[in-house]
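Computed from a predicted model, the values in this text were never measured in an experiment. The chains referred to below are lettered A, B, ... by the order of the sequence lines, with proteins before strands, and numbering in each begins at 1.
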Amino acid sequence: MAKRKTVWEDCDILVVGGGMAGTGAAYEARYWGRDMRIICAEKANIDRSGAVAQGLYAINCYMGMQWDENQPEDHVRYARNDLMGLVREDLAFDMARHVDSAVHKFEEWGLPIMRNEETGRYQREGKWQIMIHVRVINQLLLRQLVIQ
Amino acid sequence: MPTFVYMTRCDGCGHCVDICPSDIMHIDKTIRRAVNIEPNMCWECYSCVKACPQNAIDARGYADFAPLGHSVRVLREEEKGTISWKIKFRDGREKNFLSPITTQPWGEKIPKLAELEVPDQEALDSQLLCFEPDALNVETGLPVISKDKLKEGVYY
Amino acid sequence: MISINPFSEIGAFIPSVMMQIYVVAMFLLVIGATIFDVIHKKSAKYFFNNSVKAKKSATRNVNSGEKASLAFKTATNEVLTSSEFCSTRRRLAHLLTMYGFVLFVIATAVMIFSYSTPGSVTPSIWPLLWHLGAAMLCLGGYWFWFFIRVDVAAEGNKWYRVMRADLFVLSLIAMATFALIWSYLLSNQVAVWQTLFFVLFIISSTVLFGGVLWSKFAHMFYKPAAAYQKRVTKADGSRENLPEPADLPEKFGLGIKREAPRHY
């Protein structure tokens, strides 16, 4: 089944991979660069691409700043503890402070997140994890993003 | 253990071939039905199981956590937007799960980037990502930290 | 061309008895090879074991009256309208090919058994149906071969890449094509070529009916049996361990439109 075809494309931004990270990066790139030519190159079917092809049951790291649950500094400390100090704390802080907005936008766009019935907050499973219903497909969500 | 196809149920439509992320579901040459050509490489993501319109694919679990006599089957109904699992343990217990796929109508709630206003140079230069700081849901905006707070207690 | 019964023309060179023996031989080959295939693949044992397993996890009893109605429903839905196909294109192509084949075979049998001598007067319906059947076969068959065949549509192989699974479809298309060409040449009295295409027609139909053991011909008998068994498992609650279709609680029920796989 040799179907090798070489395609030559010019672009301003090339995102290699179309999993969670790749489609998110492509979306972000399009937001900031409206006129740019952005290519997201994914080897598999983008509906099921990446490490979360099977769907997820949880988001592993959510701060909960809106409910004062955790702060980015806590996450940096947690990561440093876990990795015995071998972390880039500035990068960990940057990632931690941005993760909340991504989760909120996902929920707005259709991600089913389980809620704690009493408090109305996201249902936690430990200090950092929140449980979601997307046992099915994360990508379908992001795929809608990318088809724009 | 990898996925396998019930040949009596498969009608050779090719949905599983299309969706497998590892590119190991292919069409058998003798009978034109789907077949898993590389069971070693299957990571049991269940994409093919969910994608098959005839529910002709199933997965065999590894014997350490799924000994013989169990059954795990999934039914994904896209028109209804639901996914159901039925898990039968080999001592007879049965568990059923039902989950939604999405909570918003398909393709509607995600804003079309072409319709949003173009970020200006100030926004480009700032440290905010798209839709921040509103999406953070905090009044104080994007958290910042001063450099001397990092690597506290570390000495060389 | 459409009104001429080609078998009565050929009846001048080939005795009717030979043609009839051929038809009966093909029929017996199909039956015999299917039975042999079932025994060789142990399909009957497999289906029997399946039904035993299903009975164990059944939640309700299906009595014989209900089974009869399920068999009837299988015949009307899955057999007559090919309802098992989820893709409309495939379903249409299959219906065209199936009814074309049925018409063609019945018309051939009728014309060979009743009107195959040179002087016989054939009621015009039979050659018409014969040609119509062959045309439907060609239409559905070529459509399937070039566009719908899963190797081409989902795997990206070229249309000329042939494998053993294509034996049935190719011999079917060949038989119908050669039949039409032969009939056309007959009506235009082109002597050498009409013999050639007649021979090709016979060869392809022999391959079609004789190759049942190696091709997918027998699947046309297995599929309705499998469909009937599937209906029984739905009726008795075992459902092959699949979950029941969801009844929608309010917060669910938002459908997804997945893009149909047509990436080649």
Side-chain angles (χ1 to χ4, degrees), chain B residues 6-20 23 25-34 50-56 58 70-88 92 94-109, chain C residues 41 43 46-47 50 53 57 82 84-87 90-91 94 148-157 161-169 214-216 219 222-223 225-227 229-230 239-249 251-264:
Chain B
Y6 287 114
M7 200 271 273
T8 47
R9 295 277 174 263
C10 173
D11 66 355
C13 67
H15 280 76
C16 60
V17 177
D18 188 62
I19 204 132
C20 177
D23 197 24
M25 291 304 285
H26 287 284
I27 301 292
D28 184 270
K29 284 194 193 163
T30 320
I31 55 174
R32 202 187 286 119
R33 301 271 194 259
K50 292 169 188 166
C52 179
Q54 310 282 355
N55 296 309
D58 198 1
H70 75 285
S71 161
V72 175
R73 299 219 71 180
V74 57
L75 178 67
R76 183 166 189 260
E77 290 170 292
E78 280 185 355
E79 323 77 41
K80 294 184 195 164
T82 59
I83 181 159
S84 332
W85 291 82
K86 185 190 269 265
I87 302 179
K88 285 191 179 173
E94 199 180 291
K95 291 192 195 276
N96 291 299
F97 299 95
L98 174 63
S99 296
I101 298 181
T102 169
T103 55
Q104 304 291 350
W106 191 237
E108 281 178 34
K109 282 297 171 140
Chain C
K41 288 202 180 104
S43 325
Y46 172 77
F47 275 104
N50 260 3
K53 245 197 301 187
S57 42
S82 298
E84 251 189 335
F85 285 102
C86 300
S87 149
R90 295 189 78 207
R91 194 170 169 186
H94 186 260
I148 306 180
R149 197 163 67 115
V150 68
D151 311 70
V152 173
E155 294 245 53
N157 291 306
R161 180 246 194 191
V162 165
M163 50 187 200
R164 192 176 123 184
D166 299 325
L167 182 60
F168 176 52
V169 149
W214 296 274
S215 74
K216 289 180 61 177
H219 288 215
Y222 301 155
K223 271 296 189 184
Q229 192 222 3
K230 198 161 147 187
R239 310 191 120 259
E240 296 170 327
N241 292 329
L242 279 167
E244 291 84 24
D247 54 343
L248 328 168
K251 65 178 188 291
F252 299 2
L254 293 165
I256 286 200
K257 277 181 276 303
R258 179 162 46 127
E259 186 187 274
R262 289 191 50 174
H263 298 286
Y264 284 107

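- Within the 4.5 angstrom heavy-atom criterion, atoms from both the backbone and the side chain of C:Lys230 approach chain B.
- Side chain to side chain, B:Arg32 and C:His219 fail the donor-acceptor criterion of an N or O pair below 3.5 Å.
- Using a 3.5 Å distance cut-off with no hydrogens or angles, the side chains of C:Asn241 and B:Lys86 do not pair a donor with an acceptor.
- Within the 3.5 Å criterion, the main-chain N or O of B:Ile31 finds a donor-acceptor partner in the side chain of C:Lys216.
- Taking all atoms of both residues into account, the shortest heavy-atom contact from B:Val74 to C:Leu242 is O-CD2, 3.7 Å.
- Considering only heavy atoms from C-beta on, B:Glu77 comes within 4.5 Å of C:Pro245 through its side chain.
- Atom CZ in C:Phe47 sits 5.0 Å away from atom OG1 in B:Thr8 (nearest 0.5 Å).
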* Walk me through it: do C:Glu84 and B:Arg9 pass the test side chain to side chain contact (heavy atoms under 4.5 Å, CB included)? => CA-CA 10 Å; C:Glu84 251 189 335; B:Arg9 295 277 174 263; 5.6 Å; no

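- Annotation: the span from C:Arg90 atom CZ to B:Cys13 atom SG amounts to 6.0 Å, rounded to 0.5 Å.
- Smallest separation of non-hydrogen atoms from C:Pro243 and B:Ser84: CG-O, 3.3 Å.
- Put simply, CG on B:Asn55 and CD on C:Glu240 are 8.5 Å apart, with the number rounded to the nearest 0.5 Å.
- Contacts between C:Asp166 and chain B at a heavy-atom distance below 4.5 Å involve backbone atoms as well as side-chain atoms.
- The side-chain hydrogen bond (donor to acceptor under 3.5 Å, both in side chains) test applied to B:Asp11 returns B:Gln54, not counting sequence neighbours.
- Counting heavy atoms from C-beta outward, C:Ser57 and B:Lys88 have side chains that approach closer than 4.5 Å.
- Heavy atoms closer than 4.5 Å to chain B are found nowhere in C:Arg239, neither backbone nor side chain.
- Chain C forms more heavy-atom pairs under 4.5 Å with one residue of B:Asp23, B:Thr30, B:Val17, B:Asp58 than with any other, namely B:Thr30.
- Rounding to the nearest 0.5 angstrom, the gap separating the CE atom in C:Met163 from the CG atom in B:Asp28 is 7.5 Å.
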